[in-house]
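Quick note on labels: first sequence line is chain A, next is B, and so on, each numbered from 1.
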Amino acid sequence: MRASGKPAKGETRFQRYIASVKYAKHVIFHPFDGFWDLVHEKRGSIGAAHTFLALFLLAYVLRLMYTNFQFMTAPLQYINIYEQCASLLLPFLIICISNWALSTLFDGKGYFKDIYMALCYALVPYFLIQLPLVAISHFISFDEVAYYNVLAGISVIWPVFLVFVALMQVHDYTPGKAFIFLFVTIFGALVILFLILVFFSLLSDAAAYFVSLYREIVFRLH
Amino acid sequence: MKSFTRVMTMILAIVTLVSSIQAFASEDGNFTNYTYNYDYWQDEIEMPDAYRVEQVVYSGTLGLETPMNKPQSLYIRGNRVYVADTGNNRVLEIERQGNQFKLLQIIDKIKGAQPETLSSPSDMFVDEAGNIYIADTNNQRIIKADKDLNFVMSFVKPTDPTFGEGDFLPARMVVDVSGRVYALATNINKGLIKYEADGIFAGFIGANPVTYTMFEYIWKTFFTSKAQRAQQAAFVPTEYSNIAIDEEGFIYATNAVFSEYDLLWDNAKPIRRLNSIGNDILVKNGWLPPIGDIYWEEQSIEHGPSKFKDITVLENDIYVAFDRTRGRLFGYDSQGILLWAFGNKGNTEGTFNGAVSIEHMGNDLYCLDELGCTITVFRPTDYGNLIFEASDQYLKGDYDASADTWREVLKLNANYNLAFIGIGRALMRQENFEEAMKYFRMAYDQENYGRAYRYFRKERIEENIGWIVAIAVVLIAVILILRVIRKMKWEVQEYESKRKAR
């Protein structure tokens, strides 16, 4: 058994990283086996997970910008790339956190690191399909939109299925429990969002109190 | 004192704001309308005026002793303008001579009719032979007279049991080539009332189908008692607000009673083109269905969706709808694409308070305001004429000329999508697909772009078929050779390891 993150004997760090990236192929085609070994046999690495997340964001942005206008007309004049990336990253992180927080309470075996890694590996099919699809979109016409839609649909359904398997294997859950946990995770994420909103609105109220206090004092002193 | 200054500043701000909106004056000093269109992103894009006010006709212009009172409708045949002066129980016949309008006669009685006088006439129609049909509302009849105003016949309330109780108040009507009369009557929502030429009631056409959603159905069936159901308002189809007939005999109907929610999903269908059995066959190929304004300015005084009071059909199936909410005119082409929109609420030239009726003489538009009692004549500008000319040339099959005309339009308005599409379509007819794709791309026309691209791709593949086959053959050969080499390598290794082991 290899220690996570550390290269094994006779293996450089870089070789270890390449091996973990290549392992994604096994994960997406044999998810039940793949996700179990990914976490429990330490076949994955956080570095590879970061890479996949970055590629996912890249694919999302390239899709918006360079898909042929027959299939995608994003209002580029209004789009801010950083905003788009943030709107994907924040929910992703919140879902990781909520899943970790809730699974800890319900017999989940996964650490936060494991959850993050498994979810990143689950995103692999998205960019594997979407990146070529951006190119393909320039070679097909509007009538052939069905092919485009089928591939685009697969690129979403496949990762969703992988996320489900990933959560099941990482936490050693039964399929039923994993399925329920998908919804529990989303609910948890909404609660976290709510708490963030409440926190910031209270914070701004508190700040406003001191600001008005200061203004009142200044006004009285004059 | 402080609050007083604040109020004064506010008033001043409003006044400057309003005056800046009102005082449109173009570079040549003419009064201009704010004319606009929607782009692909559904943003409002200002464009040059397609129409400008040519003149406004008042009661005084016509030398009327009693001024017009709540006129309800206009009708134009040739160069004669008919006005239903409803409040004065008469119909005015006006002739246009050059730039002058001359009152020909005041029709207030029909010889030989019972009774002879008109009572609140609200619409009229004149056929080819010069027979005049008048919707004599409060006398509950549609009266037909020959050109010397002798009574011919009248269309009265049908005795048919399907017609129901209550008064028969015909409000709007058209007559087709064979003399059939189609009428709208107040409080009758079963569609258009159709009469044969001999005056026999021939049924209703074009009624709104009564639909309800799954949710309404379930609610009604399981969650309401019989008594409640009886109390609930019935699902009533809407009434049309006006009708017009085009040269081919299709009836255009407008509908101003709907919920805003239906409008967004194009279930309200405020403009319809009815065929002889009453089905809506309006073509809608635009990004937006023909519903008028798409921004309803909730905060302002004139809010809510456009409510079309009348419609008129020009040549080449271009139709113009007249909106009561903001006094605007919306021109759509035969594909249901917005050509231009202009007009506003107000009392100045080219604005309306009581938009009620629109007709056309050639390409000139005549708009009737029932509150101001004015007829406003709009005449197309050079730019407006170019748009008409280009679509006319295209429909006649003169694609090169149409492309040239569209290029002229682009010189005046580089934001006009239809011009790009028009040029693209002409280029496609000339089999210049690559160039056509560029124009469709600029107009965000995905469907036409796809079509042009398919031809372009086919052309390219046919040109280079030799290369494509060659590359494919070479690729396959390389793969096969690599496989063989690998196999040989493997066999050599196997052999050597066996020899070592021995």
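With values rounded to the nearest 0.5 angstrom, A:Phe127 atom CZ is found 9.5 Å from A:Leu58 atom CG. Expressed to the nearest 0.5 Å, how far CG of B:Asn37 lies from CZ of B:Phe342 amounts to 12.5 Å. Rounding to the nearest 0.5 angstrom, the gap separating the CD1 atom in A:Ile46 from the SG atom in A:Cys120 is 7.5 Å.
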Check every N and O of chain B against chain A and note each donor-acceptor pair under 3.5 Å, with its distance.
{"from": "B:Tyr40", "atom 1": "OH", "to": "A:Thr73", "atom 2": "OG1", "distance (Å)": "2.6"}
{"from": "B:Asp43", "atom 1": "OD2", "to": "A:Tyr78", "atom 2": "OH", "distance (Å)": "2.7"}
{"from": "B:Gln446", "atom 1": "NE2", "to": "A:Phe69", "atom 2": "O", "distance (Å)": "2.9"}
{"from": "B:Gln446", "atom 1": "NE2", "to": "A:Gln70", "atom 2": "O", "distance (Å)": "3.4"}
{"from": "B:Tyr453", "atom 1": "OH", "to": "A:His138", "atom 2": "O", "distance (Å)": "3.1"}
{"from": "B:Arg454", "atom 1": "NH1", "to": "A:Asp143", "atom 2": "OD2", "distance (Å)": "2.2"}
{"from": "B:Arg457", "atom 1": "NH1", "to": "A:Phe139", "atom 2": "O", "distance (Å)": "2.8"}
{"from": "B:Arg457", "atom 1": "NH1", "to": "A:Glu144", "atom 2": "OE1", "distance (Å)": "3.2"}
{"from": "B:Arg457", "atom 1": "NH2", "to": "A:Glu144", "atom 2": "OE2", "distance (Å)": "2.9"}

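Close approach to chain A, defined as a heavy atom under 4.5 Å from one of its heavy atoms, is seen in no residue of residues 331-339 of chain B.
There is no side-chain donor-acceptor pair under 3.5 Å between B:Asn316 and B:Tyr394.
The salt bridge (Lys or Arg N to Asp or Glu O under 4.0 Å) analysis of residues 470-492 of chain B, with sequence neighbours excluded, yields no pairs. Within the structure, no pair that satisfies the salt bridge (Lys or Arg N to Asp or Glu O under 4.0 Å) test touches residues 178-193 of chain A, not counting sequence neighbours.
The neighbour count for A:Phe187 CZ, taken as heavy atoms of other residues, nucleotides or ligands under 6.0 Å away, does not exceed 12.
A side-chain contact (heavy atoms from CB on, under 4.5 Å) with A:Met168 holds for exactly one of A:Phe179, A:Phe32, A:Phe35; it is A:Phe32.
Counting heavy atoms from C-beta outward, B:Pro305 and B:Ile291 have side chains that stay 4.5 Å or more apart.
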